[in-house]
Visitor: 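After the structure tokens below, expect a handful of questions from me.
Read the numbers this way: they start at 1 and go in the same order the structure lists the ligands and their atoms. Side chains are part of it too, since the values below use all heavy atoms of this structure and drop only hydrogens, waters and symmetry mates.
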Amino acid sequence: MRILVVGGGGREHAICWALKKSPKVTELYCAPGNGGIASVAECVAIQVNQFEEIAQFAIDHTIDLVVIGPDDPLSEGIVDHLEAKGLTVFGPRQNAAIIEGSKVFTKQLLRKYNIPTAAYESFERYEDAVAYLRRQQAPIVIKADGLAAGKGVVVAQTLDEAEKALHDIMVAKVFGESGNQVVIEEFLTGQEMSILSFVDGETVCPMVPAQDHKAVYDNDKGPNTGGMGTYSPLPHIPQAVIDESIETIIKPTAKAMVAEGRPFRGVLFAGLMLTPNGPKTIEFNARFGDPETQVVLPRLKTDLLDIFLAAVNGRLDQMEIEWSEEAAVCVILASEGYPASYPKGLPIEGLEDVQESIVFHAGTAVKDGAIVTNGGRVLGVTALGRDIAEARAKAYADADRIRFQGKHNRTDIAKKALV
Ligand code: AMP
Ligand code: GLY
């Protein structure tokens, strides 16, 4: 089969890497791809928002399945666009991708169907939001309604900080239209856990859970990023809690989307807080997580293409998905300055010295035949091991073998799982 993956980050590298293992895949393309994806797929110079060009490429190359990686094109309706041209696509349609694209939509859905989440109110007017905020207590959480490259959430430690966030989002419009509405939400405490599931309508096939590290510095200090590292499984979280999350949050949400006439087909990503009162929803995403995917897919034993095909054909209920018992740890190597501005085009050395890890490229390009930096998150170094300690030791040993100017990474990825 001929497959086109849309996207160009670490997530798409992991998807291409997993698809490449399928004996059914004869041609694998990635638009636009990146410097590392080029080693497993043919990169095509089309950007993820060029729907027309993507459709034309897929038609010209008789693509059997298009797989969409990132959130932005999903929210903008890429699946509807490609399906209208007769293409087969793995990913949610626009009316289901809204579960990530609008936090107000999702909070209303969860409230309507009694699915556990933080208490909240939503606002369209800044004055109303401020008036409500002044009656609350800190810490409190402010969220821009729309997509904001993972940066639209402020966990405010004081009401002043919360009011500034409201002003930034609703008045200064630092996230543009995404700030037309806000959610003001109760602060939840507990461990965080990500569960990604393959979903077709009401059928939910959960993947193994993972934990991300969003803050840029060790001990969860500094501003939030897209994610600085992940690990799977979560040995310190009881299976009963994982099961409870699936039964009380993920399955009811898939069912609610069907009931709303918005059946979800694709990867539904639940961001959960394991509070003293049980698991609660922090957010849903409409796609594979990045860098969650870089630890989840290396543990997948079943052919990923078979799963995608089962989902697009409405046969996920007949799939038996198998996972490796091994642990996986992914350490992100980032550019100097990330998550703020950063340089690009710096040479990367030591990739050939990596011994025991898979290096997923998040932001790289090929320049004059050499791999150079081309993003904030540059590489994801993933290692497998018998347990987290072994996987972690291997990933860090290899992360240290890779060099580029200004490289930085957290040194405490997966540390919570060691105690
Ligand atoms: P999100 O972009 O919605 O995943 O939020 C980014 C991060 O903010 C999450 O991973 C949590 O660490 C934190 N966060 C979001 N909502 C809450 C909440 N209600 N209580 C505590 N932390 C939160
Ligand atoms: N790692 C979090 C996300 O993909 O949104």
Visitor: Distance under 4.0 Å to a non-hydrogen atom of I282: what atoms of ligand 1 satisfy this?
Guide: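 Those of ligand 1 that fall under 4.0 Å from I282 are 3 (O), 15 (C), 16 (N).
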Visitor: Applying a heavy-atom cut-off of 4.0 Å, say which part of T230 lies close to ligand 2: side chain, backbone, both or neither.
Guide: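 For T230, no heavy atom sits under 4.0 Å from ligand 2.
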Visitor: Answer with yes or no whether the side chains of S232 and R299 bring together a donor and an acceptor at under 3.5 Å.
Guide: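 Side chains of R299 and S232: pair found under 3.5 Å.
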Visitor: Return the closest protein heavy atom for atom 16 (N) of ligand 1 as residue, atom name and distance.
Guide: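 Nearest protein contact, heavy atoms only, for atom 16 (N) of ligand 1 is K143 NZ, 3.1 Å.
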Visitor: Note the single closest protein heavy atom to atom 13 (C) of ligand 1, along with its residue, its atom name and the distance in Å.
Guide: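 Protein heavy atom with the smallest distance to atom 13 (C) of ligand 1: V155 CG2, 3.8 Å.
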Visitor: Treating N285 as the side-chain partner and R287 as the backbone partner, does any N or O pair qualify as donor plus acceptor under 3.5 Å?
Guide: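 No: the side chain of N285 does not pair with the backbone of R287.
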Visitor: Heavy-atom contacts with K103 under 4.0 Å: which atoms of ligand 1 show up? List them by number with element.
Guide: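 Listed by number with element, the hits are 3 (O).
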Visitor: Look at atom 22 (N) of ligand 1 and say which protein heavy atom is nearest, naming residue and atom and giving the distance to 0.1 Å.
Guide: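 Closest protein heavy atom to atom 22 (N) of ligand 1: M273 CE, 3.7 Å.
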Visitor: Going by the atom numbers of ligand 1, which of them fall below 4.0 Å from some non-hydrogen atom of F187?
Guide: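 Those of ligand 1 that fall under 4.0 Å from F187 are 20 (N), 21 (C).
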Visitor: So H81 and V79, side chain to side chain contact (heavy atoms under 4.5 Å, CB included) or not? Walk me through it.
Guide: CA-CA 5 Å; H81 186 91; V79 175; over 6 Å; no
Visitor: With atoms numbered from 1 as shown, which atoms in ligand 2 lie under 4.0 angstrom from a non-hydrogen atom of G289?
Guide: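 Heavy-atom distances to G289 below 4.0 Å select 4 (O).
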Visitor: How long is the straight-line distance from CD of Q191 back to CG of L234, given to the nearest 0.5 Å?
Guide: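 L234 CG to Q191 CD: 8.0 Å, rounded to 0.5 Å.
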Visitor: Applying a heavy-atom cut-off of 4.0 Å, say which part of V141 lies close to ligand 1: side chain, backbone, both or neither.
Guide: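 Only the side chain of V141 comes within reach of ligand 1.
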Visitor: Answer yes if the side chains of D212 and T230 hold a donor-acceptor pair under 3.5 Å, and no otherwise.
Guide: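 The answer is no; no qualifying pair exists.
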Visitor: Should the proximity of E192 to ligand 1, defined as any heavy atom under 4.0 Å, be assigned to the side chain, the backbone, both, or neither?
Guide: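 Side chain only; the backbone of E192 stays clear of ligand 1.
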Visitor: Heavy-atom pairs closer than 4.0 Å: do any link ligand 2 to the side chain of E292, the backbone, both, or neither?
Guide: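 For E292, the contact with ligand 2 is made by the side chain alone.
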Visitor: Can you tell me if D218 and T411 form a side-chain donor-acceptor pair at under 3.5 Å?
Guide: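 Per modelled atom types, D218 and T411 side chains form a pair under 3.5 Å.
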Visitor: Indicate yes or no: does an N/O atom of D290 lie under 3.5 Å from an N/O atom of ligand 2?
Guide: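 D290 vs ligand 2: N/O contact under 3.5 Å present.
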Visitor: May I ask you to check whether R11 has an N/O atom sitting below 3.5 Å from an N/O atom of ligand 2?
Guide: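 No, there is no polar N/O contact under 3.5 Å.
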Visitor: Number the atoms of ligand 2 from 1 as they appear, then name those within less than 4.0 Å of a heavy atom of D212, with their elements.
Guide: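 It comes down to these atoms of ligand 2: 1 (N), 2 (C).
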Visitor: Can you tell whether the side chains of E185 and K107 come within less than 4.0 Å, N to carboxylate O?
Guide: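 A salt bridge links E185 with K107.
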Visitor: Is the shortest N/O to N/O distance between F288 and ligand 2 below 3.5 Å?
Guide: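 No - when backbone and side-chain N and O of F288 are compared with those of ligand 2, no distance drops under 3.5 Å.
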Visitor: Hey, what's the ring geometry for Y231 with H213, parallel, tilted or perpendicular (30° and 60° as the breaks)?
Guide: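 Ring orientation of Y231 relative to H213: tilted.
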Visitor: For atom 2 (O) of ligand 1, what is the nearest protein heavy atom, given as residue, atom name and distance?
Guide: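 Protein heavy atom with the smallest distance to atom 2 (O) of ligand 1: V153 CG2, 3.4 Å.
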Visitor: Which of the numbered atoms in ligand 2 are below 4.0 angstrom from a heavy atom of N285?
Guide: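 Once the distances to N285 are compared, the set is 5 (O).
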Visitor: Against heavy atoms of G226, which atoms of ligand 2 measure under 4.0 Å?
Guide: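 What qualifies from ligand 2 is 1 (N), 2 (C).
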Visitor: A quick test of your reading: do over 12 heavy atoms of other residues, nucleotides or ligands sit less than 6.0 Å from CD of Q137?
Guide: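 It does not: Q137 CD has 12 such atoms or fewer within range.
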Visitor: Among all the protein's non-hydrogen atoms, which is closest to atom 5 (O) of ligand 2, and how far away is it?
Guide: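 Among all protein heavy atoms, the one nearest atom 5 (O) of ligand 2 is R287 NH2, 2.9 Å.
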Visitor: If the plane angle is over 60° it's perpendicular, under 30° parallel, otherwise tilted; pick one for F288 and F308.
Guide: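 Geometry flag for F308 against F288: perpendicular rings.
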Visitor: Please check: side-chain N/O of S194 versus main-chain N/O of Q211, any donor-acceptor pairing under 3.5 Å?
Guide: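 No.
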Visitor: Which heavy atom of the protein is the closest neighbour of atom 7 (C) of ligand 1, given with residue, atom name and distance?
Guide: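 The answer is N224 ND2, 3.9 Å.
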Visitor: For E83 and R265: C-alpha separation, side-chain torsions, deciding distance, then whether salt bridge (charged side-chain N to carboxylate O under 4.0 Å, His left out) applies.
Guide: CA-CA 13 Å; E83 284 183 344; R265 194 180 69 199; 2.8 Å; yes
Visitor: Of all the non-hydrogen atoms in the protein, which one sits nearest to atom 3 (O) of ligand 1, and at what distance?
Guide: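 Protein heavy atom at minimum distance: E283 OE1, 3.4 Å.
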Visitor: Do the rings of F360 and H13 sit parallel, tilted or perpendicular, given the 30° and 60° boundaries?
Guide: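 If you compare the ring of F360 with that of H13, the planes turn out perpendicular.
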Visitor: Any donor-acceptor pair under 3.5 Å linking the side chain of D168 with the backbone of V174?
Guide: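 Answer holds: no.
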Visitor: In ligand 1, which numbered atoms sit nearer than 4.0 Å to a non-hydrogen atom of E185?
Guide: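 Within the 4.0 Å cut-off of E185, ligand 1 contributes 16 (N), 17 (C), 18 (C), 19 (N).
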Visitor: Suppose we measure from atom 21 (C) of ligand 1 to each protein heavy atom; which comes out shortest, and what is that distance?
Guide: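 Looking at atom 21 (C) of ligand 1, the protein heavy atom closest to it is L188 O, 3.2 Å.
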Visitor: Has G227 got any heavy atom lying under 4.0 angstrom from an atom of ligand 2?
Guide: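 Distance cut 4.0 Å: G227 fails for ligand 2.
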